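What follows is a set of notes on a single structure, which appears directly below.
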2 protein chains.
Amino acid sequence: MATGPTQSKAQNIAKEVRRRIVEGEWRQGVRIPDEADLAVEFDAARSTVNKALQLLADDGLLDRRRRAGTRVAVDPVRKATFTISIVREQVEHAGLAYSHRVVAQRESPVPDDIATRIGLAKGEVMVHMRAVHYADGRPFQLEDRWINPRAAPGLAGVDFRQLNANEWLVRNAPYLHAELAFSAENADSRDARLLETRPGQALLILYRTTWNDLGPITTVRVAFQPGHIVGTEGNFWPGQYTGG
Amino acid sequence: MATGPTQSKAQNIAKEVRRRIVEGEWRQGVRIPDEADLAVEFDAARSTVNKALQLLADDGLLDRRRRAGTRVAVDPVRKATFTISIVREQVEHAGLAYSHRVVAQRESPVPDDIATRIGLAKGEVMVHMRAVHYADGRPFQLEDRWINPRAAPGLAGVDFRQLNANEWLVRNAPYLHAELAFSAENADSRDARLLETRPGQALLILYRTTWNDLGPITTVRVAFQPGHIVGTEGNFWPGQYTGG
DNA sequence: TCGGGATATATGTATAGACATAGAGAAGCA
DNA sequence: TGCTTCTCTATGTCTATACATATATCCCGA
């Protein structure tokens, strides 16, 4: 194969197979040689070829089925991964000074719509808090969070006025499953006041809910500052990303 | 291990290790037994344990280094994967009738900001098109796309008034690398007109650029209908997702 | 005390061999 | 022709073994 020594043998095989697909040598829908044949061609063990092809299948580039063989996916359903880091790191990574302010924290029965969405009985008591995160003193993001004390043991004594809820949860309540969703909303008057912008301003909203085996841990609505962009290659501050 | 027969042995081991981390048995930062020990405990070969632990490391739950061993990540930088399918499938998957309309298609020198972002020489000629996708006759999303004919051979004769650009590209120009980014923008008058909403309405915007080894293939700005939500577990129509 | 080099160790990766299993396709039967 | 059953094949997975490689740690000498 004409491929340079990227890394492991399996990765080189994957890279070469990917090249053949991208350059049209192996077209969408056609069956490619089976693992045994490729093993001979690349002078590798079948398990190595298997590893390479599984990488591409996870990527959505190949469809593999027992007995039917491996074929190039017709509709490559591709996946994009976003890495979610904690707020403070995002801010500091941009070379800015981080601070945050808790606007409210109290125990309260969970609203019906949220209870339904995260699969909790209506009216259960959760900890509700709102906080603003600042970068160099300017509002960066606004979080509106509900925490389930039953799934986050040790929560009782914690005062998030002192500690960052985000980091406390990350460190003390690892999760098994998470769901994210993006949407856009016009800022209401509270959003506008806390983010120091005008009502009606379009805001990127991120909903995130995490679960462990005790149930939902926390669900949060994050509103980013106007112009903020969340991308697979990282986050962009207003003006950094020139969108078409 | 008390784990039910999820799937493979490696996955069961991964599941059990994950459980121990989530339940606090193995706390953040501490070193866990090495592969050989775990192999004994789980009665498996070391390579099977290795596979399991690599799964968790890819997930960001473990930090692994040669000679230093494996430890539970202190700041679990977690990844969220979004699966991006073609528009028509999204619409039809929701049980709605799909249609689309091309608003404009012409060749034009690429604007400087876009050229810079995707790494193309300024002033190169690209194909520019705008289209609206409808679900049951109502505007669902609006795309503003630039296509690089030099990276998409066979593009010349294609008339996207007939064919869906999205699908043509998916089928005919597989890519090696893709970047996605989400943002929110207030609808300008053109957005509003084409999406049949009011100017100023907050819109979820998705930027996507794809490359192959010939260079950037296409870059597109997708504006979703108001209220649309893109999530790890799929897409939600207005009103379906009850965000907090 | 402080480097610098040797050593041991945990992970990274490849291998051949084996058996399991889904499922396409053939064979048999109504 | 339509249905069931059988067979065989390509992938799925695990195993033992081997060697590579990064690097923490120890030891030693200046």
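Values in this document were obtained by computation on a predicted structure and should not be read as measured data.
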Quiz item: Is the closest side-chain heavy-atom distance between Asn12(B) and Gln7(B) below 4.5 Å?
Solution: no
Quiz item: Can Glu35(B) and Arg64(B) be counted as an ion pair, charged N to O under 4.0 angstrom?
Solution: yes
Self-check item: Proximity to DNA chain D (any heavy atom under 4.0 Å), residues of residues 44-60 of chain B only
Solution: Ala44(B), Ala45(B), Arg46(B), Ser47(B), Thr48(B)
Exercise. Looking at every strand, decide which applies to Arg31(A) at a 4.0 Å heavy-atom threshold: base, sugar-phosphate, or nothing.
Key: sugar-phosphate
Practice problem: Report yes if a side-chain nitrogen or oxygen of Arg67(B) is closer than 4.0 Å to either non-bridging phosphate oxygen (OP1 or OP2) of dA8(C); otherwise report no. | Solution: no
Quiz prompt | Arg19(A) and Asp213(B) ion-paired at < 4.0 Å | solution = no
Quiz item: So do Arg150(B) and Leu214(B) actually touch side chain to side chain, heavy atoms under 4.5 Å?
Solution: no
Quiz item: How close or far is atom P of dA10(C) from atom CG of Leu62(B), stated in whole angstroms?
Solution: 17 Å
Self-check item: Arg64(A) vs dA10(D): side-chain N/O to OP1/OP2 distance below 4.0 Å
Solution: no
Exercise. May I have the distance from Arg71(B) (atom CZ) to dA24(D) (atom C1'), rounded to whole angstrom?
Key: 11 Å
Quiz item: Side chains of His100(B) and Asn164(B): do they bring a donor and an acceptor to under 3.5 Å?
Solution: no
Quiz item: dA22(C) C1' sits how many Å from Asp63(A) CG, rounded?
Solution: 15 Å
Practice problem: For Arg66(B) and dA22(D), give me the distance from atom CZ to atom P, rounded to whole Å. | Solution: 6 Å
Self-check item: Between Arg145(B) and Thr218(B), a side-chain donor and acceptor under 3.5 Å
Solution: yes
Quiz prompt | Atom-to-atom span, CG of Asp34(B) to P of dA24(D) - whole angstrom | solution = 16 Å
Self-check item: Check: Phe182(B) ring centroid to Phe182(A) ring centroid under 6.0 Å
Solution: yes
Quiz item: For dA24(C), does OP1 or OP2 lie under 4.0 Å from any side-chain N or O of Arg65(A)?
Solution: yes
Practice problem: Looking at every strand, decide which applies to Asp43(A) at a 4.0 Å heavy-atom threshold: base, sugar-phosphate, or nothing. | Solution: sugar-phosphate
Self-check item: Gln7(A) CD to dA20(D) P, straight-line distance once rounded to whole Å
Solution: 19 Å
